[in-house]
Amino acid sequence: MLFQDQYQQQRIEKGKALQVLGHNPYRHNIIKDTSTKEFLECYEYVIESELKRDENKNNTVVGRIKFLRHMGKAAFAKIEDEQGLLQIYFSRESIGEAWFDEAKKLVEVGDIISVTGFPFVTKTGELSLHVNTLEVATKSIVPLPEKFHGLQDKELRYRKRYLDMIMNADVRKTFKIRSKIVSEIRHFFEERDFLEVETPMMHPIAGGANAKPFITHHNALGVDRYLRIAPELYLKRLVVGGFEAVFEINRNFRNEGMDQTHNPEFTMIEFYWAYHNYHDLMRLTEEMFDVLLKKLKLPRKLPYGDFEIDFSKPFRKIGFRAALAEIGDIPDQILDDRAQIVTYITNKGFTVEKNLSLGKLYEELFDLFVEEKLIDPTFIMDYPIEISPLARRSEIDPNIAERFELFIAGREIANGFNELNDPLDQYERFAKQLQAKNAGDDEAHEMDEDYVYALGYGLPPTAGQGLGIDRLTMLLTNEMSIKDVILFPAMKPLGESDDLTQKDEE
RNA sequence: GACUCGUUAGCUCAGUCGGUAGAGCAUCUCCCUUUUAAGGAGGUGGUCGAUGGUUCGAAUCCAUCACGGGUCACCA
């Protein structure tokens, strides 16, 4: 049974007492005519006025009590709405003796109240609302955490995000910025005539990325479905169909580990642009960052943790192999020999699988020695073809894909490439992935024959890109954990295991 | 998945060498009509994450488990 706690019981009793007094503790006919912020802005002049009050004004402000100080026959409180805090003052004189004496006992921190009155300035110079009418809008029966230290416990903050939001104004701010980021990105692409689309979240084949999928079951069709790991293959089908610029902002699901930069469901924007190439994508990406920083009023030298990320210059561009040598300080002459690379990695104190292909070894080298050094925005270009199964092959070097990834603060933020539109080449690459999968690589790409068939009708020359919204938000809000930019991050259940498949079998 | 740190009152935290648990805030009873984490006086509140073990005796030592943080692995 809920609400058995002694403090909660006390508050329930107070709610009942309010009801008896004719003050419905869950009123619904509350009209809020002014926000705390509007009140403070509107009556700023009162601070300079001679009387320090303007009794001709009358406003109703509604908010949650965050602080409450009783002083015998008067009281101060701070109420908070979405815009901020406002101090209010009420007394025996202002709201009536009988109601004041009851309210003193029955109205407490956490309650949402409606107050009507006029602006005045206190002795200490704080613009406040002098209450003439006070009504309880919603009685809160669960007490709030301590007012000074607030809610610190990370587990509680993530599990009870609503409480986190009540207690921590910064959290509300972060998620407002997130919303703004998504909105500005959407606007950015719409302005450039990209069409927003929605493609399936439940896929018969988990394609478009190398990742382990979640599996679910569709009863009506009697088939298993995968929660999508990427929308890529559907978006490109749309380009085949004639949409020349499309984008989708939505969730992907990957059944993998969780840490500071990984949540099992995460938000990506993917966009595809026919008759453009990956250089156009890089240009567009830089433009997008430029717009975002402007719209969010962020500095060009953006602080992030211990770093300062320099957005004031054009993003650095460097080839994948050149990055290994120049940024990773890996001797160029070992890069053509698998054995030498393995020796090099081993000598540096890391373990590496000996049988990896050259491309996979490059990827290892990159992850070990280059990635974390890419603090300022950097496009790494021209990836090994075998780790890029959906990207177009370079005409100059068949081992290289016309692909880039954008790194900021040592993390991958975006991945883009010229789309492979040769159906026969795509078929072969899928076949190779299938071999790898059969050899035990459970993250290798699935064969998707319908997709290859779609390419058979002709995918125009197209460039496409994915960009992680969560990581972007972390960057722009200076948050270190993805959990702090996802409203309800994945958490293990408390108590009884909720293994649904097991329940079914029982 | 591995390693590591943590889990004590509603919240934030102390708890010494193993000797039956403490503070602040909140709450309750009083006092207080301009406070700013208001103040003053007095009270209530705990199966010390769970289960075992060691011991005359465990919040404290040991083991296992649960959840969380961090690091690594996998990955975006």
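The model shown is predicted, which means the values in this text are computed figures rather than measured ones. First the proteins, then the strands, lettered A, B, ... as listed; each starts at 1. All values below were derived from every heavy atom in this structure, side-chain atoms included, with hydrogens, water molecules and symmetry-related copies excluded.
Side-chain N/O atoms of A/Gln87 and base N/O atoms of B/rU35 include a donor-acceptor pair closer than 3.5 Å. With hydrogens and angles ignored, no donor-acceptor pair closer than 3.5 Å exists between the side chain of A/Tyr89 and the base of B/rU35. Counting distance only, with no hydrogens placed and no angle test, the side-chain atoms of A/Asp153 and the base atoms of B/rC11 include no donor-acceptor pair under 3.5 Å.
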Interface polar pairs with nucleotides 37-44 of chain B, N/O, under 3.5 angstrom:
| residue | atom | partner | partner atom | Å |
| --- | --- | --- | --- | --- |
| B/rA38 | OP1 | A/Lys147 | NZ | 2.4 |
| B/rA38 | OP2 | A/Arg69 | NH1 | 2.3 |
| B/rA38 | N6 | A/His70 | O | 3.1 |

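Among the atoms of the strands shown, none is found under 4.0 Å from any heavy atom of A/Phe253. Nucleic acid contact for A/Met491: sugar-phosphate only, since backbone atoms but no base atoms lie under 4.0 Å from a heavy atom of the residue. Contact annotation for A/Ser128: no contact, since no heavy-atom pair falls under 4.0 Å across all strands. Note on A/Asn263: a base of the nucleic acid sits closer than 4.0 angstrom, heavy atoms only. A/Gly257 comes within 4.0 angstrom of a base, heavy atoms only. Using a 4.0 Å heavy-atom distance criterion, A/Gly150 is classed as a sugar-phosphate-only contact. Among the atoms of the strands shown, only primed sugar atoms or phosphate atoms (P, OP1, OP2) are found under 4.0 Å from some heavy atom of A/Lys14.
Partners of A/Ala401 according to the side-chain contact (heavy atoms from CB on, under 4.5 Å) rule, which considers only residues two or more places apart in sequence or in another chain, are A/Ile385, A/Ser388, A/Ala391, A/Arg403. Residues meeting the side-chain contact (heavy atoms from CB on, under 4.5 Å) test with A/Glu44, sequence neighbours left out: A/Ile47. Contacts of A/Lys432 classified as side-chain contact (heavy atoms from CB on, under 4.5 Å), with partners at least two apart in sequence or in another chain: none. Remark: A/Tyr304 pairs with A/Arg411 by the side chain to side chain donor-acceptor pair (under 3.5 Å) rule, at least two apart or across chains.
Between the CD1 atom of A/Ile387 and the P atom of B/rA76 there is a distance of 10 Å, rounded to whole Å. One atom, CD of A/Gln9, and another, P of B/rA26, lie 22 Å apart when rounded to the nearest Å. Nucleotide B/rA73 holds its P atom 9 Å from the CG atom of A/Asp367, rounded to whole Å. For the pair A/His130 NE2 and B/rU35 C1', the interatomic distance rounds to 14 Å; values are reported in whole Å. For A/Leu127 and B/rU35, the CG to P distance is 16 Å, given to the nearest whole Å. The separation between A/Lys123 atom NZ and B/rU34 atom P is 6 Å, rounded to whole Å. Atom CD1 of A/Ile229 is separated from atom P of B/rC74 by 18 Å (rounded to the nearest Å). Regarding A/Leu144, its CG atom lies at a distance of 13 Å from the C1' atom of B/rU27, rounded to whole Å.
Side chains of A/Ile79 and A/Leu85 form no contact here, defined as non-hydrogen atoms less than 4.5 Å apart. Contact of the A/Leu472 side chain with the A/Ile181 side chain is registered, since non-hydrogen atoms from C-beta on lie closer than 4.5 Å.
Nearest to the side-chain atoms of A/Glu155 among the listed nucleotides B/rG68, B/rC74, B/rU12 stands B/rG68. Side-chain proximity of A/Glu412 to B/rA76, B/rU27, B/rC74: nearest is B/rA76. Ranking B/rU12, B/rA76, B/rU33 by closeness to the A/Lys73 side chain, first place goes to B/rU33.
Classified by its glycosidic torsion, B/rU51 falls in the anti category, the angle being over 90° from 0. The glycosidic torsion of B/rC17 lies within 90° of 0, which places this base in the syn conformation.
Of all nucleotides present, none satisfies the Watson-Crick or G-U wobble test against B/rA14 with each distance under 3.5 Å. With both pairing distances under 3.5 Å, B/rG1 is matched to B/rC72 as a Watson-Crick or G-U wobble pair. When both distances must be under 3.5 Å, the Watson-Crick or G-U wobble mate of B/rU29 is B/rA41. For B/rU55, there is no paired nucleotide, since no Watson-Crick or G-U wobble pair has both relevant distances below 3.5 Å. Both distances falling under 3.5 Å, in either a Watson-Crick or a G-U wobble arrangement, place B/rG6 opposite B/rC67.
More than 12 heavy atoms of other residues, nucleotides or ligands sit less than 6.0 Å from atom NZ of A/Lys57. Annotation: A/Lys348, atom NZ; neighbour count of heavy atoms from other residues, nucleotides and ligands within 6.0 Å does not exceed 12.
The side chain to side chain donor-acceptor pair (under 3.5 Å) pairs that include a residue from residues 358-367 of chain A are A/Arg321-A/Tyr362, where partners are two or more places apart or lie in different chains. The salt bridge (charged side-chain N to carboxylate O under 4.0 Å, His left out) analysis of residues 115-129 of chain A, with sequence neighbours excluded, yields the pairs A/Lys78-A/Glu126. For residues 129-145 of chain A, the salt bridge (charged side-chain N to carboxylate O under 4.0 Å, His left out) pairs, not counting sequence neighbours, are A/Arg27-A/Glu135, A/Glu108-A/Lys139, A/Asp111-A/Lys139.
With C1' as the reference atom, B/rC61 and B/rU54 are 8 Å apart, rounded to whole Å. Comparing the P positions of B/rU55 and B/rA23 gives an interatomic distance of 34 Å, to the nearest angstrom. Remark: the separation of the C1' atoms in B/rA58 and B/rU51 is 15 Å, to the nearest Å. Across the P atoms, B/rC30 and B/rG68 are found 44 Å apart, a figure rounded to whole Å. Using atom C1' as the reference point in both B/rC11 and B/rG70, the two lie 24 Å apart (nearest Å).
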Item checked: Test salt bridge (Lys or Arg N to Asp or Glu O under 4.0 Å) applied to A/Lys173 and A/Asp170, step by step -> CA-CA 5 Å; A/Lys173 194 177 157 202; A/Asp170 282 354; 5.6 Å; no
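Between the side chain of A/Glu102 and the backbone N or O of A/Trp99, no donor-acceptor pair lies under 3.5 Å.
Contact annotation: A/Lys483 reaches the phosphate of B/rG69 (side-chain N/O to OP1 or OP2, under 4.0 Å). Using a 4.0 Å cut-off, some side-chain N or O of A/Arg159 falls inside it from OP1 or OP2 of B/rG68. In this model, the phosphate group of B/rU71 is approached by a side-chain N or O of A/Gln260 to a distance below 4.0 Å at OP1 or OP2.
The stretch residues 99-117 of chain A does not touch RNA chain B, since none of its heavy atoms comes less than 4.0 Å from the strand.
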